[in-house]
Amino acid sequence: MAVPPTVCRPVCLDDFEAIARTKLGQNAWDYYATGANDMQTLHDNREAFSRLRLRPRVLRDVSTVSTKTSLLGRSIASPICIAPSAMQCMADSDGEEATAKAAAAFDTAMVLSTYSTTALEQVIHHSNGHNPYWFQLYLYQNRPVSQELIQRAERAGYQALVLTVDTPVIGRRLADARNKFQLPRPWRLANFPKDLRIVTASERAALLANGITKDTPLIDNKILSNRADAGLTWTECIPWLRSVTGLPIILKGVLTREDAELAVLHGCNGIIVSNHGGRQLDGVLAAIDALPEVVAAVRGQIEVYMDGGIRKGTDVFKALALGAKAVFLGRPVLWGLAYNGEQGVKEMLQILHDELELAMALCGCATIEAITPQYLQQTPELKSRL
Ligand SMILES: Cc1cc2nc3c(=O)[nH]c(=O)nc-3n(C[C@H](O)[C@H](O)[C@H](O)COP(=O)(O)O)c2cc1C
């Protein structure tokens, strides 16, 4: 996908968004860009970063700055990783494959959405042999469907499962409702059988009434009408996952100390503090504001990551200062894809990486480990969260 000569070369992540806006159709743009209801949380995810102020230290040797870190014991070149976002082929025809190649080139981690438009086996094929790929999961009432996905992910070489827990039902996204959003042809949800149909609740009821049973994948996947098993509980869901997989389990969508403690108690291996990019419950606090209480609650027993609103190197720095082991990017990846496919995602990652290095140098931190809460202004509001 060539870049039109009229479009400037992006120099920051907001430029990628502006360019993507000009390239995507309304249906795809709205699906990617908007959030739930009044989009308070969507906006707050970004604004909350600007409320945090940095406290740089000077006269430190920052002639060499290293962003190297690790995820679940596996080294990665940078704490900037890729969040699962559905249906990437709407942004670029190579979709998740382009993203996977960019992740490999950067030696960083990619989480693949269950609702990818490229089959999970095809995506991990682009690994550089070392960079982590994790598989994001929604659990279905029909557990064999979930189990098969887990086994496929395991066989293909994914190294962890990311169970999204903030989506027992789908948030109300007004633009999608107005557009009657549907994945346009020829794209399809490639991790599911070819004959899978996206059914509305009423179509589903009609199919059930006509004798198609809940055990058929067609019905059970219930994509977009009722994604996941809304009946999931701590006592049932994590033990079930443990019974079918040996992979580490990361919970995505935890925002409170209570749930963080439960995640530790149930033996989860990590938490992604996230509000689903403001697409689920509108009015919840910004992910960066929820991070400190989750970090405090897990007391270093498991790794804590965050996503939501990361657009600048200083945002990454602030998240790490508050205890995130790494951050994940949702929409910026889609904007990179829309801008220029694999190359666009690489450029986006490079810019953010360079900005992180700059923030580290200007704050006096030569390594990721050196980044601590002391680099943030301790306002009464922040102190109350730490
Ligand atoms: C278009 C879109 C699709 C998404 N699809 C999924 C998904 O399939 N599974 C999931 O766990 N999160 C999904 N997310 C949420 C992201 O993983 C992530 O939490 C969020 O985008 C981070 O916020 P950011 O976009 O501000 O970086 C999606 C987000 C977007 C924008």
Side-chain angles (χ1 to χ4, degrees), residues 13-14 16-17 20 24 27-36 39 41-49 80-92 95-96 99 109-118 120 123 134-139 149 160-168 170-171 173 175-176 179 181 183 187 189-192 221 223-224 227-228 250-255 271-281 284 286-288 290-291 305-312 315-316 319 324 326-338 345 348-349 352:
L13 268 55
D14 285 342
F16 287 89
E17 177 170 354
L24 293 168
N27 194 49
W29 168 261
D30 282 343
Y31 177 71
Y32 290 158
T34 64
M39 301 195 274
T41 298
L42 173 72
H43 297 305
D44 205 30
N45 271 350
R46 291 200 61 180
E47 282 160 20
F49 278 108
I80 300 167
C81 307
I82 295 175
S85 60
M87 307 183 200
Q88 298 186 2
C89 284
M90 289 195 299
D92 173 79
E96 293 85 1
T99 304
M110 169 177 179
V111 186
L112 181 72
S113 166
T114 281
Y115 294 128
S116 59
T117 34
T118 312
L120 62 92
V123 172
W134 294 352
F135 187 69
Q136 178 269 326
L137 205 65
Y138 293 110
L139 287 193
L149 272 178
L161 296 175
V162 175
L163 179 68
T164 301
V165 288
D166 59 13
T167 314
I170 296 191
R173 302 163 198 162
D176 289 347
N179 294 338
F181 174 79
L183 178 62
W187 315 121
L189 300 179
N191 292 321
F192 295 93
N221 290 323
I223 313 290
L224 299 186
R227 274 184 193 198
I250 313 293
L251 292 194
K252 175 173 182 282
V254 169
L255 291 171
I271 288 174
I272 305 181
V273 175
S274 169
N275 51 39
H276 216 110
R279 296 163 72 80
Q280 283 297 105
L281 179 61
V284 298
I288 190 68
L291 178 64
Y305 323 105
M306 69 83 61
D307 73 26
I310 298 271
R311 300 295 182 271
K312 289 178 285 190
D315 297 340
V316 182
V327 302
F328 289 81
L329 304 175
R331 294 178 183 85
V333 174
L334 302 167
W335 310 150
L337 282 175
V345 181
M348 183 278 295
L349 288 170
L352 194 60

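In listed order, ligands and their atoms are each counted from 1.
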Check [X] against ligand 1 and report side chain, backbone, both or neither, counting heavy atoms closer than 4.0 Å.
X: K252; value: side chain
X: P84; value: both
X: R46; value: neither
X: T114; value: neither
X: M306; value: neither
X: R331; value: both

Open item on the list: Tell me whether ligand 1 is touched by D307 - counting only heavy atoms on the residue side and a distance under 4.0 Å.
Closed with: yes

Open item on the list: Any atom of ligand 1 sitting under 4.0 Å from a heavy atom of L334?
Closed with: yes

Open item on the list: If only side-chain N and O atoms count, and only distance matters, is there a donor-acceptor pair under 3.5 Å linking S116 with N191?
Closed with: yes

If you measure every N/O of [X] against every N/O of ligand 1, is any gap under 3.5 Å?
X: G309; result: yes
X: A86; result: yes
X: G330; result: yes
X: T164; result: yes
X: S85; result: no

TODO: State which residues pass salt bridge (charged side-chain N to carboxylate O under 4.0 Å, His left out) with R311; sequence neighbours excluded, sorted by chain then number.
DONE: none

Open item on the list: What I'd like to find out is whether the side chain of V165 reaches to under 4.5 Å of the side chain of V254, using heavy atoms alone.
Closed with: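 Heavy-atom side-chain distance check passes, below 4.5 Å.
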
Open item on the list: Any side-chain to backbone donor/acceptor pair from R279 onto Y31? Under 3.5 Å, distance only.
Closed with: yes

TODO: Going by heavy-atom distance to atom 8 (O) of ligand 1, choose the closest among G277, S113, G253.
DONE: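 Shortest heavy-atom distance from atom 8 (O) of ligand 1: S113.
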
